[in-house]
Amino acid sequence: MTYNFNEIEQKWQDHWAKHETFKAENNSDKPKYYVLDMFPYPSGAGLHVGHPLGYIASDIYARYKRHKGFNVLHPQGYDSFGLPAEQYAIQTGQHPAVTTEENIKTYRRQLDQIGFSFDWSREVRTSDPSYYKWTQWIFIQLFNSYYCNIDHKAENITELIKEFERAGNTHVNAACDEDTPSFSSEDWKAYSELEKQEILLKYRLTYLAETEVNWCPALGTVLANDEIVNGVSERGGHPVVRKKMTQWSMRISAYAERLLQGLDTIDWTDSLKESQRNWIGKSVGASVTFMVKDYDAKIDVFTTRPDTIFGVSFMTLAPEHELVSQITTAEQKAEVEAYVEATAKRSERDRMADVKTISGVFTGAYAEHPFTKAPIPIWIGDYVLASYGTGAVMAVPCGDQRDCDFAKYFGIDIPNIFEGVDISEEAFASKDNVKIANSDFLNGMNYKKATKRAIYELEQIGQGKGKTNYRLRDAVFSRQRYWGEPFPVYYVNGMPQMIAAQHLPITLPEVEKYLPTETGEPPLGNATVWAWDTSKKEVVSNDLIDNKTIHPLELNTMPGWAGSSQYFNRYMDPHNEDEIFSKDAIDYWQQVDLYIGGSEHATGHLLYARFWQKFMFDLGLVPVDEFAKKLINQGMILGTSAIAHRVYCHTSSLKNEKERVKGVYTSNIYVSKKISEEIEEDNFKEINKDIYDIIHSGLLDEISNFNFNNSEEKVGEEIFHISTNPTHVNVNLVNSSDELDIEAFKNWQPEFSNASFIGDSGKVLTPRRMEFVSDFKVSREVEKMSKRWYNVVNPDHICEQYGADSLRLYEMFLGPLEQYKPWNTAGISGVHSFLKKLWKLYYDDTSFKVTDATPTKDHLKTLHKTIKKVEEDIDNFSFNTSVSTFMIAVNELTAQKCTSREILEPLLVLISPYAPHIAEELWEALGHKQSISTAPFPVFEANHLVESSKEYPISFNGKMRFKLELSLDLSKDDIEKAVLADERTQNQLQGREPKKVIVVPGKIVNIVG
RNA sequence: GCUGAAGUGGUGGAAUUGGUAGACACGUUGGACUUAAAAUCCAAUGGCCAUUAUGGCCGUGCGGGUUCAAGUCCCGCCUUCAGUACCA
């Protein structure tokens, strides 16, 4: 019998599906355990070998927990709303739902062939109306809630209304917009309904607001901060600009403190918690109010160092600050306006890139020091950001580097308020331990004491109070996209109204085209049946809108993170049509015990989901306020790309007449991304000398035309990506019409001499006529797997060739789960031959070998040390080392010629989480009728590992020289005697007396000589 | 700049509380089997030196230190990756 993995794997995958082996029940005598993967976005490209890494790890853990007697919930689903399907729809007219359905089919097939133990009966899809019904439902709950800062929780908005009626908002301490006015009970009652709604919107946990957003013109949508990388969109790399728009926002900032505190209660990686802490960005300090001299205005600032208030020698406002135009004096007006204008012109990116330059303008106005009443010049400067704090700072040049640089640059006073510190010499080291001086009532106090006192004094004069500031901004929740959850919202007189929960879901309307409308409205603006009939309670044609009973519906859709913020709970009761989940289900499953996914979601999904969970906790819907007890970030599996570099200059694509005359055009150099970012002329010369020589051959006049291209647009033109598999070459050249000289190519790269060539359109292409061509250079680079780089390894091929069990074992064997590591298919033969060896322990060429023979001591020792190690490894998520352990076990048992059922049966259970198909097959061969999946995990018995002797390493001055087998019963002295008596010891000592002999019984002997 | 993680053979990576550095694989070399190949099996494999075996020296990014003993602990650097960035 040979190990026919293809047949076996198919057989057991069918078996599991047919018998619903992994279906989890919502009640059980067993303890529960919930293992969850971050659900995938089903992209058109399908899975590559990097995707299943986390799924394999979680599957091993889920299977292990089943063996350990747990009732395991291990579901899977799809985050199926998203931009790629929409982009595809724009290009082809294909409905995103159709594309998504197709992609899901591919994903499912690919996932199934790897043998995961998912409970597919609980599958969810975020784009399914029966699912997004509940996403919409949560949105309504958020709308109907506000955040009470006294109870530190979300409460129903009706409570707030009652309070307004009773006493206005004077006693209310709730999260709200900054521009919320104060009003009395009488005021409230006098407000019109519209005014009341406007006020309430300032308190609701989701609200409409005119916000400055990151607008991406190319994508026609708003992007969240975490969707922007280096100033361009994460997807597609398009430029992003700031723009004001009316958007739905989530008042996540209300939860800043709880999101921060909650981190201490969960077992997530430190780095991830740290990113969230940074993102929340708590800083404790004070707000201080400065009066503007000769002008009825005041400036609020936030400072973390109120103790340095006597060191203030100027103030700086952000150029966008609203007071700037008012307080600027006539003499300064021209200069200030010029500066403000210049700043406005600079993009956010420019401002960020240019941190070093100091710039600013004096407004001519003065503020008044709250205590000394001294005049303080008010400046504007673009180092102060309008978006953080109050957009104004009190500058303490002796305590803050930037304030100091600014003061020095403009020749402003630098008063010293630190005792014993020479500020002209000492840099801005920690001054926390230095005493305050020249500061009136703060003199002689340390940082802590002075801070307290300063705040107290400020409060006394009513010009400040202690304040905590958070960097965390409210999250914009509207997207100008088609393929997302529609809002359950219609508008009456411009005021948003919620559709009652019983009419959900509001399903996505059909549209003719998926682009924004000609008037610039989101894609839903193209829908013709998209109005809400308040009497019939249904969606009706836009033509019927009368603004009496029929009103327009919201045109934005929800962002990607909406659906992913509640799916982990929905899995507990995914088919419930009446509730988001039953109380029984949530009480039973509680929360995710183990969550596995990528760290790229650190400040996106993982923060928003925690926010929703806390909100749902406040509503009493969930029993715990953190959704995932433990979280592990799996690393990424990287691909190896071959990158060809070549310089060519051609006349046909010269950009303009001038260049043509000069005969210079050398943009066609592609240097691998990482190199290009930092490359200097000298470096380049070293790397690609011959290319450099061409550039400097005199035929090319100017090095300045020399471009290192790494932008996406240029890829097709400039670079050749060659697949790393030498039997298939993809040469990808766009914008060119000539055939590639294949012979020349093969001469250039002999490793491809037997390859078949495939061009982009079936034909191999090459660039246009070239004047000078350098030699090709090929380098290899490890980077993210991507279709673009021709470095994708498809798991289908691996499963076909080696089997799913080999793939699973190999992905684990590659290295620690959390680590980023390159894929190298060559190594898979090792784990594959391990499985063949395992098979051979049970089967000969002809027959089944397992017998009822009594196991020997050695057999038992091998088994039990394997049990011990594998159990420890799984508990530590160290899956790579347990694969090694299996290899050692099988090698040993093969050498021992073990055929004993007592050994080989438990061995299968140990391996089953990792290689479930082969384990099931051999388990069945052993006569079992039930799946191995719930067979109890073997119990480790320490007595099998007890040794009577130990081969002691004998070291001299810490260096191991030889080994000596000694009984473990020996005392320290006996060991020392035995070691000293050995002739090899005498050899080492060469007649010297040992100064000291260290004996660690059971471990080591060290002789100092 | 700040925060976090990490630097070990040709490669991926092992190494409980400090206690035999390089487990387990890949690759490479040699051998067996075969007409041949594949598959399988056996042996060697950190570097350097020596050799008749026994051996010796150097080795975990760099420089110090603690210790009988350091990949592991301490101090000071360097490099790489990731996140974040004028946060007052």
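Side chains included, hydrogens not; waters and symmetry mates left out as well; all remaining heavy atoms used. All chains are named by letter (A, B, ...) in the order of the sequence lines, taking the proteins before the strands, and each is independently numbered beginning at 1. All values reported here derive from a predicted model rather than from experimental measurement.
Taking the charged nitrogens against the carboxylate oxygens, A/Arg277 and A/Asp264 do have a contact shorter than 4.0 Å, which makes a salt bridge. A salt bridge is absent between A/Lys972 and A/Glu976: the closest approach of a Lys/Arg side-chain nitrogen to an acidic carboxylate oxygen does not fall below 4.0 angstrom. Using a 4.0 Å cut-off between charged nitrogen and carboxylate oxygen, A/Glu811 and A/Lys821 do not count as a salt-bridge pair. Ion pair A/Lys977/A/Asp973 not flagged as a salt bridge, since none of the NZ, NE, NH1 or NH2 atoms sits closer than 4.0 Å to an Asp/Glu carboxylate oxygen.
Across all strands shown, A/Ser829 has heavy atoms under 4.0 Å from sugar-phosphate atoms exclusively, and none from any base. Residue contacts shown for A/Asn1006 include a base, since a base heavy atom lies under 4.0 Å away. Using a 4.0 Å heavy-atom criterion, one finds that A/Val1008 contacts the sugar-phosphate atoms exclusively. Among the heavy atoms of the strands, none lies under 4.0 Å from A/Pro822. Heavy atoms of A/Glu818 sit nowhere under 4.0 angstrom from any nucleic acid atom. Counting non-hydrogen atoms under 4.0 angstrom, A/Lys868 reaches nothing in the nucleic acid.
Neither OP1 nor OP2 of B/rA6 sits under 4.0 Å from any side-chain N or O of A/Gln819. Under 4.0 angstrom from either OP1 or OP2 of B/rA85 there lies at least one side-chain N or O belonging to A/Arg471. Residue A/Lys1003 places none of its side-chain N or O atoms closer than 4.0 Å to OP1 or OP2 of B/rA69. Taking 4.0 angstrom as the limit, A/Lys963 places none of its side-chain polar atoms (N or O) nearer than this to OP1 or OP2 of B/rU20. Contact between the side-chain N/O atoms of A/Arg961 and the OP1/OP2 oxygens of B/rU54 is not found at any separation under 4.0 Å. For the OP1/OP2 pair of B/rU40 and a distance below 4.0 Å, the side-chain nitrogens and oxygens of A/Lys836 include at least one atom meeting the criterion.
Across all strands shown, B/rC77 forms a Watson-Crick or G-U wobble pair with B/rG61, both key distances being under 3.5 Å. Pair assignment for B/rA70: none, as no Watson-Crick or G-U wobble contacts are both less than 3.5 Å.
Minimum atom distance to the side chain of A/Asn278 is reached by B/rU3, of the listed B/rG19, B/rA25, B/rU3. For A/Ile1004, the listed nucleotide lying nearest its side chain is B/rG19; candidates were B/rU84, B/rG19, B/rG4. With B/rU20, B/rA25, B/rC86 as the choices, the nucleotide that has an atom nearest any side-chain atom of A/Phe813 turns out to be B/rA25. Taking only side-chain atoms of A/Tyr388, from C-beta outward, the nucleotide of B/rU20, B/rC24, B/rC87 with the closest atom is B/rC87. Closest to the side chain of A/Lys821, out of B/rG13, B/rC86, B/rC26, is B/rG13. The side chain of A/Leu814 sits closest to B/rG12 out of B/rG4, B/rG12, B/rC26. Relative to the side chain of A/Ser833, the nucleotides B/rG12, B/rC26, B/rA88 differ in distance, and B/rC26 lies closest.
Side-chain contact check for A/Ser283 and A/Asn469: no donor-acceptor pair (N or O, by modelled atom type) lies under 3.5 Å. Side-chain contact annotation: A/Ser955 with A/Asn1006, donor-acceptor N/O pair under 3.5 Å present. With 3.5 Å as the limit, one finds no donor-acceptor pair spanning the side chains of A/Tyr470 and A/Ser253.
A/Ser878 contributes no side-chain N or O that, together with a main-chain N or O of A/Ile874, makes up a donor-acceptor pair within less than 3.5 Å.
Across residues 874-893 of chain A, A/Asn880, A/Thr881, A/Ser884, A/Met887, A/Ile888, A/Asn891 each have a non-hydrogen atom less than 4.0 Å from an atom of RNA chain B (numbered order).
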